[in-house]
Amino acid sequence: MITHLQDNVTLNNGVKMPGFGLGVYKVEDGDTVIHAVSSALNNGYRHIDTATIYDNEKGVGQAVKESGIPREEIFITSKVWNDDQGYESTLKAFEETLEKLDTNYLDLYLIHWPVSGKYKDTYRALEKLYEEGKVRAIGVSNFHVHHLEDLMNDCTITPMVDQVEFHPHLTQNDLRKFCQDNNIQFEAWSPLKKGRLFEDPTLMEIAETHGKTVAQVMLRWDIQHGVVTIPKSIREKRIIENADIFDFALSEEEMKRIDEMNKDERTGSNPDTF
Ligand SMILES: NC(=O)c1ccc[n+]([C@@H]2O[C@H](COP(=O)([O-])OP(=O)(O)OC[C@H]3O[C@@H](n4cnc5c(N)ncnc54)[C@H](OP(=O)(O)O)[C@@H]3O)[C@@H](O)[C@H]2O)c1
């Protein structure tokens with residue numbers, strides 16, 4: 001379990017990945033994303049999660065540059081979009097991503113969704129990029145167990161990460177166990193359920209016990225589960241609040257109470273029907 005904001009998990013290839021980061025889904029490119037990423041970096045974040053489809057890689061790159069923090073101290077993830085899947089088209093999309101981010105390598109490159117009939121070719125391109133040293137780690141997003149099993153039947157490099165929707169209403173027990181058993185780091189998207197659980201009585205009660213906010217309790221629950229988490233906010237106050245979760249601990253009973261909130265309820269698409 002990570003114990004501070006810049007603490008790392010170790011991926012199956014030995015690469016260290018900060019266990020806490022900033023997500024920038026739906027954050028407008030330009031001033032807004034630059035402000036969000038700068039706020040995060042100024043407040044100790046060292047991990048930014050973007051994607052081609054977010055259309056803000058340019059601003060992310062600019063904020064990273066302007067921070068003055070050495071590139072190698074910041075962990076940047078991006079993802080190949082569905083329309084770009086396939087071998088050659090992924091290689092091309094990757095070069096465009098590097099150009100927009102104004103960097104010569106990525107820390108983590110993910111397949112955004114398991115596009116049927118294409119994700120294996122896409123993954124072969126990721127393996128090539130990895131072997132060429134253009135990306136330090138590769139993985140997938142929104143893969144169910146059956147997608148991972150299918151991919152792992154053919155690939156030569158086990159994915160290092162699976163980034164999926166995860167919050168107290170979607171606890172993904174089988175997938176988490178599969179990832180643990182196969183040394184694939186489980187990473188949460190929409191860890192705050194996009195703000196839809198802030199009035200939940202169980203979470204409110206636990207938050208009050210600790211003098212913390214519901215957002216902080218949800219993110220602490222991720223950390224104690226060994227799940228990498230990337231809450232999104234464009235507001236500096238919340239960016240600071242979300243990372244201020246290393247000075248308290250949820251009891252075993254509190255962890256269990258939150259686990260039991262599961263409803264298998266998604267805010268996003270089901271990877272089988274997206
Ligand atoms: N791989 C995928 O398919 C996929 C899909 C979705 C998301 N993601 C990644 O996961 C990241 C996080 O997921 P998400 O953006 O969907 O949702 P989220 O992090 O669960 O929730 C973000 C929402 O909560 C608000 N918020 C954040 N901190 C708060 C706080 N302390 N108090 C009150 N409200 C707060 C934000 O508003 P403000 O910005 O106004 O503060 C925003 O509306 C994304 O940004 C993206 O990087 C990946």
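Quick note: numbers below take in every heavy atom, side chains included, and nothing from hydrogens, waters or symmetry partners. Atoms within each ligand, like the ligands themselves, are counted from 1 in listed order. Positions are given from 1 along the sequence.
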Please tabulate, one line per pair, the protein N or O atoms found under 3.5 Å from any N or O atom of ligand 1, giving the distance to one decimal.
| from | atom 1 | to | atom 2 | distance (Å) |
| --- | --- | --- | --- | --- |
| ligand 1 | 1 (N) | Ser141 | OG | 2.8 |
| ligand 1 | 1 (N) | Gln163 | OE1 | 2.9 |
| ligand 1 | 3 (O) | His112 | NE2 | 3.2 |
| ligand 1 | 3 (O) | Asn142 | ND2 | 2.9 |
| ligand 1 | 3 (O) | Trp189 | NE1 | 3.4 |
| ligand 1 | 8 (N) | Tyr54 | OH | 3.3 |
| ligand 1 | 13 (O) | Ser190 | N | 3.0 |
| ligand 1 | 16 (O) | Ser190 | OG | 2.7 |
| ligand 1 | 19 (O) | Lys232 | N | 2.9 |
| ligand 1 | 20 (O) | Pro191 | N | 3.4 |
| ligand 1 | 20 (O) | Leu192 | N | 2.8 |
| ligand 1 | 20 (O) | Lys193 | N | 3.4 |
| ligand 1 | 20 (O) | Lys194 | N | 3.0 |
| ligand 1 | 28 (N) | Asn242 | ND2 | 3.0 |
| ligand 1 | 31 (N) | Glu241 | OE2 | 3.1 |
| ligand 1 | 31 (N) | Asn242 | OD1 | 2.8 |
| ligand 1 | 34 (N) | Arg238 | NH1 | 3.4 |
| ligand 1 | 37 (O) | Arg238 | NH1 | 3.3 |
| ligand 1 | 39 (O) | Lys232 | NZ | 2.8 |
| ligand 1 | 39 (O) | Ile234 | N | 3.0 |
| ligand 1 | 40 (O) | Arg235 | NE | 2.8 |
| ligand 1 | 40 (O) | Arg235 | NH2 | 2.8 |
| ligand 1 | 40 (O) | Arg238 | NH1 | 3.3 |
| ligand 1 | 41 (O) | Ser233 | OG | 2.6 |
| ligand 1 | 41 (O) | Arg235 | NE | 3.4 |
| ligand 1 | 41 (O) | Arg238 | NH1 | 2.7 |
| ligand 1 | 45 (O) | Val24 | N | 3.2 |
| ligand 1 | 45 (O) | Tyr25 | N | 2.9 |
| ligand 1 | 47 (O) | Val24 | N | 3.4 |
| ligand 1 | 47 (O) | Asp49 | O | 3.4 |
| ligand 1 | 47 (O) | Asp49 | OD1 | 2.7 |

**Message:** ring pair (Phe, Tyr, Trp, His ring centres under 6.0 Å), that's the test. Do Tyr109 and Tyr130 meet it? Break it down for me.
**Reply:** CA-CA 9 Å; Tyr109 199 38; Tyr130 178 71; over 10 Å; no
**Modelled atom types, side-chain donor and acceptor of Asn43 and Glu236, under 3.5 Å** =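 A donor-acceptor contact under 3.5 Å links the two side chains.
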**Message:** Under the rule for salt bridge (Lys or Arg N to Asp or Glu O under 4.0 Å), what residues qualify as partners of Lys256, not counting sequence neighbours?
**Reply:**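 Applying salt bridge (Lys or Arg N to Asp or Glu O under 4.0 Å) to Lys256 gives Glu260.
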**Prompt:** Of all heavy-atom pairs between Pro168 and Leu197, which one has the smallest distance, and what is that distance?
**Reply:**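 So the minimum-distance heavy-atom pair works out to CD-CD1, 3.9 Å.
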Which donor-acceptor pairs under 3.5 Å do side chains of residues 80-88 form with protein atoms, sequence neighbours excluded?
| from | atom 1 | to | atom 2 | distance (Å) |
| --- | --- | --- | --- | --- |
| Gln85 | OE1 | Thr122 | OG1 | 3.1 |
| Gln85 | NE2 | Trp113 | O | 2.8 |

**Message:** Tell me every residue that passes ring-ring contact (aromatic ring centres under 6.0 Å, His included) with His167, counting only those two or more places apart in sequence or in another chain.
**Reply:**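 For His167, no residue satisfies ring-ring contact (aromatic ring centres under 6.0 Å, His included) once neighbours in sequence are set aside.
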